[in-house]
Amino acid sequence: MEPNLVQFKKGVLELCVLALLSRADSYGYDIASRLSEAIDMGEGTIYPLMRRMQKDGLVSTYFVESSSGPPRKYYALTEHGRQSLNSQRTAWTAFTKAVHAILGSDDTAPAASSEPSPTPTTLTVQKTVRNTKA
């Protein structure tokens with residue numbers, strides 16, 4: 001797989017998980033399966049992310065009995081997680097618009113034109129920093 005594609009996927013993984021959980025609570029394997037189908041992300045990447053998201057207060061967990069084995073750990077979006085989803089979605093939209101403007105509408109270099117260039121788009125990215133001191 002192209003190394004840049006791996007980085008693209010890692011960069012949007014938290015946003016995708018937040019979006020999935022905004023629709024319905026879910027357990028780890030289901031989240032991993034849905035991400036695997038949609039963007040070909042492996043299961044091993046999801047669980048460390050879920051632990052970090054729980055530690056950061058973006059998701060909460062609860063257990064549900066399962067007829068096919070031990071209870072399943074479900075993840076639910078917290079209010080902080082909803083706020084993070086909204087801000088990340090806004091940043092993602094601005095970012096992808098800026099990238100599309102650079103790439104050109106047909107994903108090739110823009111053709112020379114006598115028309116003025118569009119107004120540049122400003123991109124602001126916010127990252128949540130967690131306190132690592134216990």
Quiz item: What pair of heavy atoms forms the shortest contact from Ile46 to Gly28, and how long is it?
Solution: CG2-O, 4.5 Å
Quiz item: Measuring from His100:NE2 to Phe95:CZ, what's the distance to the nearest 0.5 Å?
Solution: 10.0 Å
Quiz prompt | Sequence neighbours excluded - salt bridge (charged side-chain N to carboxylate O under 4.0 Å, His left out) pairs with any residue from residues 62-80 | solution = none
Exercise. Please examine the side chains of Gln83 and Asn86, heavy atoms only from C-beta on, and report whether any two atoms are closer than 4.5 Å.
Key: no
Quiz prompt | Which atom of Ala19 lies closest to which atom of Ser22, heavy atoms considered | solution = O-OG, 2.6 Å
Quiz item: Just how far is it from atom NZ of Lys55 to atom CE of Met50, taken to the nearest 0.5 Å?
Solution: 15.5 Å
Practice problem: Return the minimal non-hydrogen interatomic distance between Arg89 and Leu15, and the atom names on each side. | Solution: N-CD1, 3.9 Å
Quiz item: Looking at Leu20, Asp25, Ile31, which one forms a side-chain contact (heavy atoms from CB on, under 4.5 Å) with Tyr75?
Solution: Ile31
Quiz prompt | Donor-acceptor contact present, side-chain Thr96 to main-chain Trp92, <3.5 Å | solution = yes
Exercise. Report the distance from atom SG of Cys16 to atom CD1 of Ile39, rounding to the nearest 0.5 Å.
Key: 4.5 Å
Self-check item: Separation of His80 NE2 from Asp56 CG (nearest 0.5 Å)
Solution: 6.5 Å
Quiz item: Do the side chains of Ser84 and Glu14 get nearer than 4.5 Å, heavy atoms only?
Solution: yes
Quiz item: Phe63, Leu21: one ILVMFWY side-chain cluster at the under-4.5 Å cut-off?
Solution: no
Quiz item: Should Leu58 and Leu77 count as side-chain neighbours, where that means a heavy-atom distance under 4.5 Å?
Solution: no
Quiz item: Cluster partners of Tyr47, using ILVMFWY side-chain heavy atoms under 4.5 angstrom, listed by chain and number?
Solution: Tyr27, Tyr29, Tyr62, Val64, Tyr74
Self-check item: Gap separating the CE atom of Met53 from the OG1 atom of Thr61, nearest 0.5 angstrom
Solution: 12.5 Å
Practice problem: Could you pull out all residues at least two apart from Arg34 that satisfy salt bridge (charged side-chain N to carboxylate O under 4.0 Å, His left out)? | Solution: Asp30
Quiz item: Between Leu18 and Gly81, what is the shortest heavy-atom contact and its length?
Solution: CD2-O, 4.0 Å
